[in-house]
Amino acid sequence: MPDAKLPLALSVGDPSGVGPEIAIAAWQARDSAGVPPFYLLADPALIDARARRLGASVAMAETTPAQAQLTFSRALPIAPLAARSIDSPGQSDPENAAGIIEAIDRAVADCLGGRAAAVVTCPIAKKPLYDAGFRFPGHTEYLAHLASLHAGADAMPVMLLAGPELRTVPVTIHIALAEVPKALTSDLIVATARITATDLEHRFGVARPRLAIAGLNPHAGEGGAMGAEDEQIIRPAIERLRAEGIDAFGPLPADTMFHARARAGYDVAICMYHDQALIPAKALAFDEAVNVTLGLPFIRTSPDHGTAFDIAGKGLARADSLIAALKLARRLADSETKAAAA
């Protein structure tokens with residue numbers, strides 16, 4: 001159970017991306033944007049170098065999680081990594097892989113160890129990690145691996161994009177579009193929806209969440225005229241969910257699910273593939289949407305964007321989505337604390 005007095009653990013992400021600078025900018029906006037206390041897991045020399053490159057005047061203090069709350073108002077709290085990082089904005093380097101992974105490992109360990117209220121992650125890039133021998137498909141899958149080690153059982157991570165006007169969940173995530181129909185099963189839809197409903201209720205405080213289930217094909221298949229998946233896979237999953245008491249409905253044509261009147265009728269849209277979920281979420285709130293990983297024994301949020309190598313080190317990166325991720329992590333942690341105490 002998160003403690004309201006605990007800070008958030010923020011991993012630096014890929015040092016060659018915008019992670020270091022949006023972390024700096026989030027701390028600078030602590031008063032004006034109401035950013036909750038966090039500490040940054042990073043190489044202090046990297047953060048100092050990036051601040052000087054950007055001409056940012058930032059007080060920094062090496063600290064422990066326990067000291068971060070007291071430090072936050074006067075200096076950016078940095079929990080130093082053992083690994084050193086190379087400051088090469090825009091040029092990914094496999095030499096930074098050790099620090100990237102260490103930051104994630106320690107953020108999760110701090111959260112599970114009762115030293116941090118939640119994990120917030122800055123963006124990582126997969127290729128430099130793969131080049132260094134990283135064997136997981138991505139950030140989310142690695143977090144699920146860490147959760148499984150802690151729990152002693154497999155964890156099923158579910159990606160939620162949360163914005164002010166829309167929440168979406170993709171059932172299949174980082175796979176090619178051509179592979180989606182083969183990967184889609186009623187069991188996978190049901191498992192994803194169960195986790196979504198549970199976390200919306202217990203962490204987001206949504207009583208009996210309404211789940212709008214998207215179809216896979218145009219017009220949700222037109223009764224099988226445009227593909228069999230909607231009737232043979234998606235509809236049976238919805239019937240199972242409803243039999244369990246989950247307020248799920250569909251399959252709905254995806255092209256009419258995301259206008260304002262439609263959004264008023266549900267709490268989350270369960271989508272069949274990555275872009276079906278992420279395009280509307282980012283179109284409505286690119287700078288405010290937050291990536292939340294459901295189904296883990298700890299709270300994890302992150303910005304909804306990537307490393308942005310093309311603008312790293314140029315002073316162009318905006319911290320809006322990271323600030324939203326930090327604020328949502330705090331809100332979810334506080335909600336979980338209140339629910340546990342009730």
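We use all heavy atoms of the structure for the numbers below, so side chains are in, but hydrogens, waters and symmetry mates are not.
Note that OG1 of Thr121 is 12.0 Å distant from CD1 of Ile100, once rounded to the nearest 0.5 Å. Between Thr168 atom OG1 and Gln276 atom CD the span is 9.5 Å, to the nearest 0.5 Å. With rounding to the nearest 0.5 Å, the separation of CZ in Phe309 from CG in Asp14 is 4.0 Å. Taking CZ of Arg167 as the start and OG1 of Thr196 as the end, the distance is 11.0 Å to the nearest 0.5 Å. Rounding to the nearest 0.5 Å places CD1 of Ile246 at 12.0 Å from CD1 of Ile238. Taking CZ from Arg194 and CE from Met156, the interatomic distance works out to 10.0 Å, rounded to the nearest 0.5 Å.
Although no hydrogens or angles enter the test, the distance criterion places a donor-acceptor pair under 3.5 Å between the side chain of Tyr266 and the main chain of Met257. No donor-acceptor pair under 3.5 Å is formed between the side chain of Ser335 and the backbone N or O of Arg331. The backbone N or O of Met159 lies less than 3.5 Å from no partner atom in the side chain of Thr293, so there is not a single donor-acceptor pair. Judged by distance alone, the side chain of Gln69 and the main-chain N or O of Pro37 form no donor-acceptor pair under 3.5 Å. In this structure a side-chain-to-backbone donor-acceptor pair under 3.5 Å is missing from Arg300 to Thr140. With hydrogens and angles disregarded, no donor-acceptor distance shorter than 3.5 Å links the side chain of Arg115 to the backbone of Leu112. At distances below 3.5 Å, not a single donor-acceptor pair connects side-chain atoms of Thr301 with backbone N or O atoms of Val120. Judged purely by atom type and a 3.5 angstrom limit, Arg30 uses its side chain to pair as donor or acceptor with the backbone of Trp27. Under the 3.5 Å distance criterion, the side-chain polar atoms of Arg263 are matched with a main-chain donor or acceptor of Phe258. In this structure a side-chain-to-backbone donor-acceptor pair under 3.5 Å is missing from Lys327 to Gly34.
Connection of Ile323 to Ile24 is established within a shared hydrophobic cluster, with ILVMFWY side chains joined at heavy-atom distances below 4.5 Å, either directly or through further cluster members. Hydrophobic clustering (ILVMFWY, side-chain heavy atoms < 4.5 Å, transitive): Leu278 and Leu284 are in distinct clusters. Neither Tyr39 nor Ile47 shares a network with the other; the hydrophobic side chains, linked directly or stepwise wherever heavy atoms of I, L, V, M, F, W or Y lie under 4.5 Å apart, form separate groups for each. In this structure, Val169 is not a member of the same hydrophobic cluster as Leu252, with clusters built from ILVMFWY side-chain heavy atoms closer than 4.5 Å. With hydrophobic clusters built from ILVMFWY side chains whose heavy atoms lie under 4.5 angstrom apart, Met272 shares a cluster with Val158.
Summarising the geometry of Ala312 relative to Val18, their closest heavy-atom pair is CA-CG1, 3.9 Å, with the distance given to 0.1 Å. In terms of heavy atoms, Gly13 sits closest to Ile124 at CA-CG2, 3.9 Å. The nearest pair of heavy atoms linking Ser186 to Pro236 is OG-CB, 4.1 Å. Pairing each heavy atom of Ala116 with each of Ala9, the nearest pair is CB-CB, 3.8 Å. Scanning both residues, Pro137 and Tyr130, for their nearest heavy atoms gives O-OH, 2.6 Å. In terms of heavy-atom proximity, Ala317 sits nearest to Glu21 at CB-OE2, 3.9 Å.
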Open item on the list: Test side chain to side chain contact (heavy atoms under 4.5 Å, CB included) on Leu10 and Cys122; report intermediate values, then the result.
Closed with: CA-CA 7 Å; Leu10 175 62; Cys122 285; 3.8 Å; yes

TODO: Please test Leu241 against Val190 for side chain to side chain contact (heavy atoms under 4.5 Å, CB included), starting from the C-alpha separation and ending with a verdict.
DONE: CA-CA 6 Å; Leu241 291 166; Val190 168; 4.0 Å; yes

Open item on the list: Under the criterion side chain to side chain contact (heavy atoms under 4.5 Å, CB included), I'd like the reasoning laid out for Glu201 against Val206: C-alpha separation, chi angles, the key distance, then a yes or no.
Closed with: CA-CA 5 Å; Glu201 182 174 357; Val206 180; 5.8 Å; no

Open item on the list: Test side chain to side chain contact (heavy atoms under 4.5 Å, CB included) on His150 and Leu146; report intermediate values, then the result.
Closed with: CA-CA 6 Å; His150 168 75; Leu146 296 177; over 6 Å; no

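Gln67 has its side chain out of reach of Pro77: every pair of non-hydrogen atoms, C-beta onward, lies at least 4.5 Å apart. The closest side-chain heavy-atom distance from Leu46 to Pro20 is below 4.5 Å. Counting heavy atoms from C-beta on, the side chains of Ile104 and His139 come closer than 4.5 Å. Here the side chains of Ile101 and Leu129 are in contact, with some heavy-atom distance below 4.5 Å. For the pair Glu222/Asn217, no side-chain contact is recorded, criterion being any heavy-atom separation below 4.5 Å from C-beta on. In this structure, Ser321 and Asp287 have side chains that are not in contact, with every pair of non-hydrogen atoms separated by 4.5 Å or more. The side-chain heavy atoms of Pro164 and Glu288, taken from C-beta on, include a pair separated by under 4.5 Å. Counting heavy atoms from C-beta outward, Leu326 and Arg330 have side chains that stay 4.5 Å or more apart.
A salt bridge between Asp110 and Arg106 is absent, with no side-chain N of the basic residue lying under 4.0 Å from a carboxylate O of the acidic one. With respect to the salt-bridge test (charged N to carboxylate O, under 4.0 angstrom), the residues Asp247 and Arg210 do not qualify. Between Lys182 and Glu179 there is a salt bridge, since at least one side-chain N of the basic residue sits less than 4.0 Å from a carboxylate O of the acidic one. Salt bridge present: Asp187 and Arg240 bring a charged side-chain N and a carboxylate O closer than 4.0 Å.
The aromatic rings of Phe134 and Phe136 lie tilted to each other, with the angle between the two planes from 30° to 60°. Aromatic ring orientation, Phe286 versus His305: tilted (interplanar angle from 30° to 60°).
Of the candidates Ser85, Ser88, Ser92, Ser88 is the only one forming a side-chain hydrogen bond (donor to acceptor under 3.5 Å, both in side chains) with Ser16.
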